[in-house]
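Reviewing the structure listed below.
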Protein chains: 2
Amino acid sequence: MKTIEQLLESKQIRVTAMRLLIYKFLAEKKVAVTLSDIENAFEKADRTTLYRTIKTFEEKVIVHQIDDGTGITKYALCEQGCNCDIKTDLHLHFHCNNCNETICLTDHKIPQIKVPDGFVSENVNLVVKGICDKCSS
Amino acid sequence: MKTIEQLLESKQIRVTAMRLLIYKFLAEKKVAVTLSDIENAFEKADRTTLYRTIKTFEEKVIVHQIDDGTGITKYALCEQGCNCDIKTDLHLHFHCNNCNETICLTDHKIPQIKVPDGFVSENVNLVVKGICDKCSS
DNA sequence: TTAACAAATGCACTTCCATTGCACTTACTA
DNA sequence: TAGTAAGTGCAATGGAAGTGCATTTGTTAA
């Protein structure tokens with residue numbers, strides 16, 4: 001079990017107080033968060049810092065971006081051993097129409113999608129919308 | 001073969017010059033278009049009119065909205081007999097990373113996606129990204 | 001230990017798209 | 001043909017993403 005510091009260093013990211021806090025915040029959240037969510041959680045910090053921190057995390061494949069169709073990009077931590085940078089290993093996301101939360105269904109891999117001749121598939125984005133387990137019970 | 005006028009009337013949409021033009025524009029285009037695309041095609045018309053026309057078409061299930069991950073919503077005509085309002089009849093979309101165009105692969109239905117217990121699937125959004133037939137040749 | 005440099009942070013500002021309020025015009029209906 | 005409802009155009013707003021620059025913090029080497 002790596003500490004967060006070790007994890008960041010292993011990805012050549014400088015360890016700062018802000019980054020540790022943001023990482024912890026993401027780790028505690030089970031769901032994907034928007035920039036505004038982070039902003040609300042850290043009112044003292046500047047939006048730009050949060051924005052750039054997330055972008056750094058994204059580049060270094062610590063978080064991945066999710067486009068769940070709400071129009072607002074969300075972010076979630078990549079799993080241990082997640083290969084978000086490798087386009088063939090994509091999991092799907094579930095967006096709850098009731099509570100508006102989006103979660104990663106990491107162990108649900110996306111089936112192979114056939115495309116017509118002449119088309120080359122590089123990447124797949126799959127979002128299932130409906131009612132999540134919390135809201136349906 | 002219905003005329004456009006008949007189609008609009010059958011959906012209880014008042015026929016106006018603007019709406020006929022926009023419908024024709026969408027019908028000619030093989031790809032999904034953004035609001036800006038329409039705006040550029042009709043420079044004389046106001047943005048708001050185009051916006052509201054599209055919204056009307058959307059409500060009456062004449063066009064469907066596509067979220068291809070570019071951050072800009074696109075629109076495309078629903079097929080004859082398309083059941084965009086019925087959530088089980090969804091086709092997938094292909095977004096070309098080269099020419100940036102998005103097309104409907106109407107005859108490619110989305111496979112049934114299994115979700116964990118407690119989750120209820122109502123709707124699926126599937127976008128495949130890659131290189132389209134025109135760009136790959 | 002400190003000087004020097006690089007990276008991180010904060011503030012202000014900009015841009016782009018989506019959306020709305022209100023006035024005016026056009027099209028149906030009695 | 002008058003009256004009303006819907007459609008259209010102009011102006012303005014709001015939210016999210018992104019950028020430039022000055023300041024602060026952290027790292028490295030003399």
Side-chain angles (χ1 to χ4, degrees), chain A residues 4-26 32-60 62-76 95 100 102, chain B residues 4-26 32-60 62-76 95 100 102:
Chain A
I4 303 175
E5 283 89 342
Q6 285 169 340
L7 173 69
L8 293 183
E9 276 165 8
S10 75
K11 303 257 186 179
Q12 352 237 272
I13 301 176
R14 239 189 234 187
V15 178
T16 67
M18 205 62 246
R19 285 174 177 173
L20 289 173
L21 285 172
I22 294 177
Y23 189 95
K24 277 180 201 159
F25 175 74
L26 289 170
V33 297
T34 65
L35 204 53
S36 302
D37 292 335
I38 307 177
E39 208 180 332
N40 293 333
F42 300 97
E43 299 202 331
K44 288 171 214 152
D46 187 75
R47 218 176 51 74
T48 315
T49 306
L50 305 173
Y51 173 74
R52 287 199 257 239
T53 301
I54 282 288
K55 285 291 161 195
T56 306
F57 282 4
E58 211 186 326
E59 268 170 35
K60 305 292 185 178
I62 285 179
V63 304
H64 61 274
Q65 198 171 329
I66 302 164
D67 173 19
D68 64 5
T70 53
I72 303 160
T73 46
K74 297 187 177 175
Y75 303 91
H95 176 76
N100 212 32
T102 299
Chain B
I4 303 176
E5 283 90 341
Q6 285 170 340
L7 174 68
L8 293 183
E9 275 165 10
S10 74
K11 302 256 185 182
Q12 263 128 65
I13 301 175
R14 238 190 234 184
V15 177
T16 68
M18 204 63 245
R19 286 174 177 173
L20 288 173
L21 285 171
I22 294 177
Y23 188 96
K24 277 180 200 158
F25 175 74
L26 290 169
V33 299
T34 65
L35 202 56
S36 302
D37 292 335
I38 307 177
E39 209 181 332
N40 293 333
F42 299 97
E43 298 201 334
K44 287 171 214 152
D46 187 74
R47 216 191 136 65
T48 316
T49 306
L50 305 173
Y51 174 74
R52 288 200 258 237
T53 301
I54 282 289
K55 286 292 163 195
T56 305
F57 282 5
E58 211 186 325
E59 270 170 34
K60 305 292 185 177
I62 285 180
V63 304
H64 60 274
Q65 195 172 330
I66 302 163
D67 173 20
D68 63 6
T70 53
I72 303 159
T73 46
K74 297 186 177 175
Y75 304 90
H95 176 77
N100 212 34
T102 299

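First the proteins, then the strands, lettered A, B, ... as listed; each starts at 1. Just so it is clear, the model here is predicted, and its values are computed rather than measured.
Annotation: salt bridge (charged side-chain N to carboxylate O under 4.0 Å, His left out) contacts involving residues 37-52 of chain B, sequence neighbours excluded, comprise B:Glu39-B:Arg47.
The listed nucleotides are D:dG9, D:dA6, C:dT9; the one nearest the side chain of B:Arg14 is D:dA6. Side-chain atoms of B:Tyr51 lie closest to C:dA18 of the nucleotides C:dA18, D:dG26, D:dT8.
In this structure, A:Arg47 reaches the bases: a heavy-atom distance under 4.0 Å links it to at least one base atom across the strands shown.
In terms of phosphate contacts, A:Lys55 brings a side-chain nitrogen or oxygen within less than 4.0 Å of OP1 or OP2 of D:dG18. Within the 4.0 Å cut-off from OP1 or OP2 of C:dA18, at least one side-chain nitrogen or oxygen of B:Thr73 is found. Here B:Thr16 reaches the OP1 or OP2 of D:dT8: one of its side-chain N or O atoms lies under 4.0 Å away.
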Stepwise side chain to side chain contact (heavy atoms under 4.5 Å, CB included) test for B:Asn100 and B:His95: CA-CA 7 Å; B:Asn100 212 34; B:His95 176 77; 3.2 Å; yes

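The OG1 atom of B:Thr34 sits 11.5 Å away from the CD1 atom of B:Ile66 when rounded to the nearest 0.5 Å. In this structure, A:Leu7 CG and A:Ile13 CD1 are separated by 7.5 Å, a value rounded to the nearest 0.5 Å.
In this structure, CG of B:Leu50 is placed 16 Å from P of C:dT20, rounded to the nearest angstrom. If you take CD1 of A:Ile22 and P of C:dA8, they are 12 Å apart, rounded to a whole angstrom. For the pair A:Leu8 CG and C:dA7 P, the interatomic distance rounds to 17 Å; values are reported in whole Å. Atom P of nucleotide D:dT27 and atom CD1 of A:Ile13 are separated by 14 Å, given to the nearest angstrom. Distance, A:Phe57 CZ to C:dA8 P: 11 Å, rounded to whole Å. The distance between atom CD1 of A:Ile38 and atom P of C:dT9, rounded to the nearest whole Å, is 13 Å. Look at CG on B:Asp46: it is 15 Å from P on C:dA18, rounded to the nearest Å. Here C:dA8 presents its P atom at 18 Å from OH of A:Tyr23, a figure rounded to the nearest Å.
Considering only heavy atoms from C-beta on, A:Lys11 stays 4.5 Å or farther from A:Phe57 through its side chain. B:Leu50 has its side chain within reach of B:Met18: a pair of non-hydrogen atoms, C-beta onward, lies under 4.5 Å apart.
Considering every non-hydrogen atom in both A:Tyr75 and A:Glu58, the closest pair reads CE2-OE1, 3.7 Å.
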Distances under 3.5 Å between protein N/O atoms and the N/O atoms of nucleotides 20-22 of chain D, please, pair by pair.
unit_1, atom_1, unit_2, atom_2, d
D:dG20, O6, A:Arg52, NH2, 3.1

